[in-house]
Structure formats: structure tokens, C-alpha cells
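Chain letters run A, B, ... following the sequence lines, proteins first, then strands; residues in each count from 1.
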Amino acid sequence: MPGQITVSLPDGSSRTLDAGATAADLAQSIGRRLARAAVAAVVDGAEVDLARPLPDGAKVEIVTNETPAGRTVLRHSAAHVLAQAVLRLWPGAHFAIGPPIADGFYYDFELPGGARFSEEDLGRIEEEMRRIAAEDQTFHREEHTIAEGLEIFSDQPYKSEIIRAVAEGAAGEEDAGELAGAGERPVSVYANDGGFVDLCRGPHVPSTGRLAHFKLMRVAGAYWRGDEHRPQLQRIYGTAWESSAALAEHLHRLEEAEKRDHRRLGVELDLFSFPDEIGSGLAVFHPKGGLVRKVMEDYSRRRHEEAGYSFVNSPHITRSDLFEISGHLDWFADAMYPPMELDEGHRYYLKPMNCPFHILIYRSRQRSYRELPMRLFEFGSVYRYEKSGVVHGLTRVRGMTQDDAHIFCTRDQMAAELRSLLVFVLDLLRDYGLSDFYLELSTRPEGKAVGTNEEWEEATETLRTVASTMDLDLVMDEGGGAFYGPKISVQARDAIGRTWQISTIQLDFQLPQRFQLEYVGADNSRHRPIMIHRALFGSVERFFAVLLEHYGGALPAWLSPVQARVLPVRDDHEGYAEAVADRLRSEGLRVDTAGASEPLGARIRKAKLEKLPYVLVVGDDDVAAGTVGVNRRGSERPERGVDVGPFAAALAEDVARRDPGPR
RNA sequence: GCCCGAGUAGCUCAGUUGGUCAGAGCACCCGCCUUGUAAGCGGGUGGUCGUCGGUUCGAAUCCGACCUCGGGCUCCA
């Protein structure tokens with residue numbers, strides 16, 4: 001029928017509309033609720049504004065605000081409004097890029113006269129954003145030529161730079177969200193009724209009035225194009241959601257995440273601290289934290305022993321010669337503590353890595369192919385002079401202990417060795433309670449690497465092949481390898497879905513050459529081994545932090561510093577409480593008692609705040625019957641009259657099996 | 001390293017414009033209470049207000065430098 005178009009919907013149905021109808025009209029024709037929730041549309045596979053007229057025969061999908069794609073549109077639009085607000089408040093400000101990100105958005109600015117945002121400015125900016133939202137300004141999309149684009153943004157150096165990058169076909173991925181399509185008029189901009197124009201590919205919500213549930217979170221510095229040699233801009237982070245409930249839920253999640261922050265739990269549970277007197281990024285572990293570490297390490301040692309590793313030890317400090325040979329002083333020096341001058345000009349360095357030491361152990365005598373693979377393991381403490389701004393709790397420190405091992409093997413052995421290693425890694429991590437993994441392959445860091453292209457290619461391909469057999473997602477990290485070789489890292493998602501880099505496995509053809517390592521083969525001639533560097537925890541400190549956050553401080557019984565506390569109801573039950581504690585200790589359990597100087601409720605509360613797996617209460621009935629009252633972490637109500645012997649045996653069994661509960 | 005912010009008792013925090021502003025709760029110590037599943041009562045110890053310097057008659061409060069921490073950027077186990 002002339003004057004009408006027909007479009008098809010995702011459910012296979014089709015609808016007929018007047019010619020010139022937009023995606024908004026389509027949504028409206030389907031239902032008011034859909035129209036209200038609609039923020040954009042996907043027309044024949046491309047995301048477009050709701051105001052775009054639909055071509056006849058198009059496949060159309062309405063994007064609603066509560067979907068991931070819809071939230072992205074909301075957030076991109078909110079970033080746009082943020083920029084509009086800032087330019088209203090600071091006339092002459094320059095704005096750079098403002099993309100949506102996970103849970104929110106940001107925008108980078110440069111204020112006139114070198115002015116800087118402070119946290120207090122966020123309130124004013126947010127107010128201005130609300131005003132713009134209240135004005136319900138329409139977003140108008142326009143497409144321009146390069147020349148027109150440069151004219152529109154003639155007073156905006158960062159926008160101009162992006163447009164010129166498009167013109168030269170050199171637009172990076174970062175810019176992609178900022179620009180437009182192809183063809184003669186590749187510069188797409190969005191203009192608001194208020195006279196504000198931003199470079200943007202879109203789509204945007206139809207008007208600013210659709211944005212209501214947003215909040216500015218923080219202000220931070222950020223280098224232009226992520227390059228520390230370029231100007232530093234001011235970045236404002238915000239979050240935006242489709243409803244106030246979704247926003248509130250997001251803020252609540254942030255609060256919950258804060259409660260399981262390992263730095264906070266470290267203080268609350270008396271596990272570790274960072275005394276100022278020692279210096280930034282250098283932790284001390286208190287008795288309870290030290291005990292958790294010991295349990296972690298003991299189990300790791302046991303597993304390594306079973307997996308055919310040999311245990312070695314090496315000093316924390318070495319003469320510079322070692323790191324000259326290894327190449328660390330050429331490639332890693334800026335992450336090393338400066339040297340100590342000793343013994344008439346000899347320079348000594350704290351070690352930032354263990355590998356050269358293990359290499360010297362290998363090289364201490366002639367090796368036969370019969371000894372390979374040789375797996376040398378050490379809990380090796382290393383020191384790295386991290387830049388002051390990057391130190392962060394136990395996850396980024398200046399002194400750490402790696403569960404480090406170096407495997408020396410033949411080229412023929414390396415694929416099988418890597419494969420069994422990956423299985424070993426994942427199996428071990430699962431025993432500590434992590435179960436959701438993916439792999440990352442880091443390739444040659446251009447300009448910061450030793451070795452030939454062929455060697456890197458072979459090493460990288462070997463890792464890729466092995467990784468691809470693991471039935472896990474594999475993502476690329478171009479240029480993220482170590483200076484001597486590519487690496488696979490194991491990333492784990494924790495209980496609330498955050499990802500952490502845990503293990504790293506690096507394949508190295510370089511250090512064996514630099515140290516001229518050899519083994520005598522079956523053919524009676526000398527060959528060069530290759531090396532695998534691997535740390536499964538990454539560092540004991542970081543892994544400790546990850547586990548603390550994963551469990552929210554409620555460590556499973558096998559890792560818990562105190563597995564059960566016995567509480568006598570009255571003074572006269574203390575003897576029995578001690579007897580119960582001793583009975584449990586005889587099963588190898590870690591148990592303490594808390595006498596009746598405080599009311600039972602108060603002692604229960606303290607034990608709960610310490611997140612102990614079990615609190616055992618003993619009173620008259622228990623003394624008479626040889627039982628305990630069991631208050632198990634995570635269970636609704638306590639269980640009375642439990643026989644001590646079976647309880648002790650069951651708990652000991654849970655510990656032996658590294659049972660993950662109770663939480 | 002860079003940008004923003006913060007450092008007041010072991011912890012969490014109050015301290016208006018510089019002048020009894022050195023405080024509270026928890027923790028800790030001492031008493032009393034003798035308790036059946038998340039805070040019993042009373043008393044007490046404890047801080048040169050991150051450090052050093054400056055402004056001032058007078059600084060926790062204003063200024064500067066440094067240290068440490070937090071949020072980011074860059075970097076990374």
C-alpha cells in the first residue's frame with residue numbers, strides 16, 4: 001500500500017506503519033509501556049536513535065532501558081549531559097571523551113586557566129545536570145563533513161584531534177564511541193536544544209528528560225588518550241540507571257563490596273597491617289593472618305610435593321652481576337629498589353624476581369635430559385619499587401612472597417608440561433574455593449622485549465594451543481607479556497563477580513640463552529632447555545586478599561585461624577569448656593575458649609563479628625550429657641545437645657576435605 | 001610519578017568564623033554481675049590532633065614542604 005511501510009519484529013511478527021514512521025512511533029504502536037522504556041532501536045543490525053525514520057522492510061528491535069544495551073545508551077547520554085553541565089558552569093572548558101563504562105560513564109575535561117575540579121564541585125554539576133534533564137532537551141543528530149566538524153569544534157582541541165584522527169583513518173578504538181559513520185559526512189554530532197553540541201556516534205535517548213536516576217561518583221585525573229606523556233585531564237565518573245530502584249541497588253552493591261574490602265577486614269579480623277614506620281606497601285602479618293598464610297602455604301607445599309616439584313631457597317639480595325646477565329637491569333630496573341654500594345664498588349640489589357636464582361641452581365652442575373623436567377619451587381620474597389600511586393592494600397605491594405617455580409624442560413616436553421601445569425593450577429585454585437575462571441594470553445611487549453620474532457611466535461603459539469584445550473574462555477592481552485616471554489594468566493571471578501588476576505604462566509626461551517643453560521641429551525650432545533615461570537597464587541599476599549574478599553572474611557573452616565570457640569554459660573562450666581576444647585584440639589582443630597566474665601550474648605556477638613565457623617556453648621545440660629550447643633556460622637538457629645565426639649570428628653573431616661562451608 | 005581528597009585515642013568519628021575543643025561510642029584495664037545463643041552495670045588508662053617549618057599574643061583549626069592512606073590515570077603479581 002502506498003504511503004505505508006512494513007517492518008518485522010524480533011518475535012517474527014510484522015507491523016505496518018505510515019511511511020516516515022520512526023522507531024519511536026513503532027514502539028508507541030506496540031504499547032505505551034514499551035514506548036516509555038524505549039531508549040534506542042536496532043534497525044537491520046545497527047543501533048540508531050528512536051527518532052530515525054524506518055525504511056520499508058526493516059528488521060527492527062526496540063532497545064529498552066533495563067537491558068545492557070539500553071543502559072549503555074542511558075549512560076552515554078548521561079555523559080553527554082554531564083559535559084553540557086560542565087560547559088555551562090565553566091565556559092571555555094575543553095571536553096575530550098565521555099564513554100559509557102561498566103555501571104556508569106565518565107567524561108574527561110580540561111578547565112580554563114588550569115582550574116581543577118574538586119569533590120565539592122560534583123554537587124553543583126549534578127544540580128546542573130538535573131536542570132538540563134528538567135528542561136527535557138531533545139537530542140538532535142546531525143552529520144557533517146570533516147571540514148564542518150573541524151569548524152564546529154574549532155575551540156575544542158580534543159574534539160578536533162579526534163576528528164582529524166578520523167580524517168586520517170587513524171581513529172583508535174577509544175575514539176570509536178565518539179564518532180560517526182562512514183561516507184562523505186562521517187562526523188556525527190548531537191545538538192541539544194540548549195545549544196550544546198557534542199561529537200558522538202550515538203545513539204542517544206530522545207531527550208534529556210529521560211535521564212533521572214544518575215549520580216556523580218568521583219573526580220580523578222586521567223591522561224589524554226591514556227598516555228602519561230600527554231596532558232592530564234580531569235575525569236568525572238558517574239553512574240546512571242533506568243530506575244531509582246536500580247540506582248539504589250547499585251549503590252547498595254557498592255556498600256556490600258566495601259564491607260568485604262580486604263583492607264578493612266584485615267583490621268577488623270586482626271590479620272595484618274601496614275605500619276607507617278616500615279614504609280608504603282610493606283605489610284606485617286599478625287598471628288591470625290600469619291596462621292591463615294601458613295595453612296595456605298602448607299597445603300600448597302603439599303600439592304607441589306605431590307606434583308613433582310623440588311623445594312629450593314635463595315637469598316633476597318644479590319650482586320648486580322646476576323641481574324645484568326638476566327637482563328633485569330636493562331628491562332626491569334625502574335621497578336627495582338636502587339642498589340646498595342658495598343665491598344669496594346659492588347652493587348647489591350634486592351631481588352624483584354626469583355628466576356635468576358633458580359637458574360643458578362640449575363646451572364650449579366651439568367644436567368642430563370634424564371633430570372628433565374626439573375621443577376624448582378620456592379616461596380620467594382621479592383621487592384619491587386612500585387610507583388607511589390599504585391600501592392594498594394595487599395593486592396599491590398612493594399614486598400611480596402611469590403609461590404614461584406621454574407620448570408626446566410626440553411622443547412619436546414614443553415607442551416605437555418604446560419598442559420599438565422594448567423590442569424594443576426586450576427585444580428589447586430578450586431581447592432581454595434575459586435571456581436569461575438578464564439584465561440588471558442599476553443603477547444610480546446613491543447620495544448620492551450628480548451629475543452627474536454620467531455622465538456616469540458613459537459612461544460606464543462605454544463601457549464595459545466595449550467590454552468585452547470582448556471575449555472575456558474581465552475582473551476588476548478596484546479603487548480602484556482614479560483620482557484623475556486609471553487604468558488597465560490588465570491583470571492578468577494569471585495563470589496560477587498569481580499575478576500582478579502591470579503596465576504601467571506610464562507614461557508621463556510631467553511633466559512636459558514642468556515645464562516647459557518644446557519643439558520646433555522640422549523644423543524650425548526649439549527642442548528638448550530627452555531623455561532616455564534609460574535606462580536599460582538601470583539603472590540601469597542594478593543591471593544590472601546582475594547580469598548578474604550571472596551569469602552567476605554568468613555573463611556572456610558580449614559583456612560579459618562580459629563575454627564571453633566567454646567563458651568561456658570557460667571563460671572562453673574569453664575572446666576568442662578576446657579575439656580571440650582582439648583577434645584577438639586586432639587583432632588588437630590584450632591579452638592579457643594572465652595570465659596564467663598561477660599554475658600553469653602555478648603560473647604556470641606564477638607565470635608560472630610570475628611566470623612568464626614563454629615561457636616560452641618556449654619551449660620548444665622551439656623556437662624551432664626557430654627554434649628555441646630552448636631552455633632554454626634550461617635545457620636538460622638543453634639543446635640542443642642550435640643555429642644562432642646561425633647561433632648569433633650565431623651569438623652575434623654570437613655577441615656581435612658577443605659569443605660567450603662559454612663559461610 | 002601525576003590529578004583530587006583525607007590524616008584528631010587501638011577502631012569509627014565529633015570538634016562552628018584560630019581563644020577551657022582535646023571529646024564520644026566501641027576496644028582495653030579494674031570492680032560488680034554468673035549469664036543457654038548478636039551488646040549487663042559502674043569506674044579507669046589512653047591522644048605533643050601524621051611530621052617538620054611558617055603566620056599569629058595565641059594553631060587540631062590558616063600557609064608551605066614532606067610522610068602515609070583513599071579514589072582514579074599510567075603501570076602491574
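- Taking 4.0 angstrom as the limit, Y106(A) places none of its side-chain polar atoms (N or O) nearer than this to OP1 or OP2 of G71(B).
- Within the 4.5 Å cutoff, no side-chain heavy atoms of Q506(A) are placed close to those of S489(A).
- Contact annotation for E541(A): no contact, since no heavy-atom pair falls under 4.0 Å across all strands.
- Taken residue by residue, residues 275-285 of chain A places heavy atoms nearer than 4.0 Å to RNA chain B at D276(A), S280(A), G281(A).
- For the pair R230(A) and Y223(A), the cation-pi test (distance below 6.0 Å, angle within 45°) is failed.
- Judged by distance alone with a 3.5 Å cut-off, a donor-acceptor contact links the side chain of K387(A) to the base of U74(B).
- One P atom belongs to U12(B), the other to A27(B), and the distance between them is 15 Å to the nearest Å.
- When the C1' atom is compared between U51(B) and A60(B), the two are found 14 Å apart, to the nearest whole Å.
- Ionic pairing of D427(A) and R430(A) is not present here: no N-O contact between side-chain nitrogen and carboxylate oxygen is shorter than 4.0 angstrom.
- A donor N or O paired with an acceptor N or O is found under 3.5 Å between the base of C75(B) and the side-chain atoms of R396(A).
- The gap from the C1' atom of A22(B) to that of C69(B) amounts to 24 Å, rounded to the nearest Å.
- No side-chain donor-acceptor contact under 3.5 Å links R565(A) to the backbone of T593(A).
- When rounded to the nearest whole Å, the span between CE of M217(A) and P of G5(B) equals 18 Å.
- For the pair I502(A) CD1 and C76(B) P, the computed distance is 18 Å after rounding to whole Å.
- You'll find a donor-acceptor pair under 3.5 Å spanning the side chain of R605(A) and the base of A39(B), going by distance alone.
- Taking the C1' atom of each, G15(B) and A59(B) are spaced 14 Å apart, rounded to whole Å.
- With both pairing distances under 3.5 Å, G46(B) is matched to nothing as a Watson-Crick or G-U wobble pair.
- A cation-pi arrangement is present between R398(A) and Y385(A) under the rule of less than 6.0 angstrom and at most 45 degrees off the ring axis.
- With distances taken from any side-chain atom of E228(A) to the nucleotides A77(B), U74(B), C4(B), the minimum falls on U74(B).
- The partner of C62(B) is G54(B), judged by Watson-Crick or G-U wobble contacts that both fall below 3.5 Å.
- With P as the reference atom, G53(B) and U61(B) are 14 Å apart, rounded to whole Å.
- T395(A) comes within contact range of at least one nucleobase, with a heavy-atom separation under 4.0 Å.
- Taking atom P on both nucleotides, G1(B) is separated from U48(B) by 29 Å, rounded to a whole Å.
- U68(B) sits 40 Å from G31(B) when the C1' atoms are compared, rounded to a whole Å.
- Donor-acceptor pairing under 3.5 Å, judged by distance alone, is absent between the side chain of R116(A) and the base of C3(B).
- Positionally, the nearest nucleotide of RNA chain B for H573(A) lies more toward the 5' end than for the other of A222(A) and H573(A).
- Using Watson-Crick or G-U wobble geometry with both donor-acceptor distances under 3.5 Å, G23(B) finds its partner in C13(B).
- When the nucleotides C73(B), G36(B), G5(B) are ranked by their closest atom to the side chain of R640(A), G36(B) comes out on top.
- The interatomic distance linking F274(A) (CZ) with C67(B) (C1') rounds to 16 Å, in whole Å.
- Annotation: of the two residues near RNA chain B, P638(A) and Q232(A), the 5′-most nearest-nucleotide partner is Q232(A).
- Among the candidates Y158(A), F117(A), F95(A), W90(A), the single residue satisfying the ring-ring contact (aromatic ring centres under 6.0 Å, His included) test with F109(A) is F117(A).
- Base-pair partner of C32(B): G40(B) (Watson-Crick or G-U wobble, both distances under 3.5 Å).
- For L600(A), the side-chain atoms get nearest to G36(B) when compared with the rest of C4(B), G36(B), C76(B).
- The nearest whole Å value for the distance from the CG atom in N631(A) to the C1' atom in A38(B) is 9 Å.
- Between the side chains of D494(A) and W500(A), at least one donor N or O sits under 3.5 Å from an acceptor N or O.
- Of the residues in residues 483-494 of chain A, those lying under 4.0 Å from RNA chain B by heavy-atom distance are K487(A).
- A donor-acceptor pair is defined here as one N or O able to donate and one able to accept, closer than 3.5 Å; such a pair exists between the side chain of D403(A) and the backbone of F537(A).
- Defined by atom type and a distance below 3.5 Å, a donor-acceptor pair is missing between the side-chain atoms of T460(A) and T443(A).
- In this structure, the nucleotide among G71(B), A27(B), A39(B) sitting nearest to the side chain of K606(A) is A27(B).
- Residue contacts for A602(A): at a heavy-atom cut-off of 4.0 Å it reaches the sugar-phosphate backbone alone, with no base atom in range.
- Figure legend. G7(B) is base-paired to C67(B); pairs are counted as Watson-Crick or G-U wobble with both atom distances under 3.5 Å.
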Start with the C-alpha gap between V617(A) and V628(A), add the side-chain angles, then the distance that decides, and say whether side chain to side chain contact (heavy atoms under 4.5 Å, CB included) holds. CA-CA 6 Å; V617(A) 175; V628(A) 293; over 6 Å; no
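- Between E256(A) and K259(A), at least one side-chain N (NZ, or NE/NH1/NH2) sits under 4.0 Å from a carboxylate O, which counts as a salt bridge.
- Phosphate contact (OP1/OP2 of G1(B), side-chain N/O of S388(A), threshold under 4.0 Å): present.
- E386(A) contributes a side-chain N or O that forms a donor-acceptor pair with the base of A77(B) under 3.5 Å.
- H392(A) has a side-chain polar atom (N or O) that falls below the 4.0 Å cut-off from OP1 or OP2 of G71(B).
- Using a 4.0 Å heavy-atom cutoff across all strands shown, R218(A) reaches sugar-phosphate atoms only and no base atom.
- Salt-bridge formation is detected for the pair K288(A)/E610(A): a Lys NZ or Arg NE/NH1/NH2 atom is positioned less than 4.0 Å from an Asp or Glu carboxylate oxygen.
- Going from the C1' atom of C28(B) to that of U45(B) covers 8 Å, rounded to whole Å.
- Rounded to whole Å, the distance from OH on Y385(A) to C1' on C76(B) is 16 Å.
- Using a 4.0 Å heavy-atom cutoff across all strands shown, G538(A) reaches sugar-phosphate atoms only and no base atom.
- Side-chain proximity of R263(A) to the nucleotides C3(B), G70(B), A39(B) is greatest for G70(B).
- Figure legend: R75(A) and F105(A) shown without cation-pi pairing, the cationic atom not lying both under 6.0 angstrom from the six-membered ring centre and within 45 degrees of its axis.
- Residue D620(A) has its side chain nearest to G36(B) when only C75(B), G36(B), C2(B) are considered.
- Distance from the side chain of Q506(A) is smallest to A77(B) among C4(B), U37(B), A77(B).
- Closest to the side chain of P599(A), from the set G40(B), G36(B), G1(B), is G40(B).
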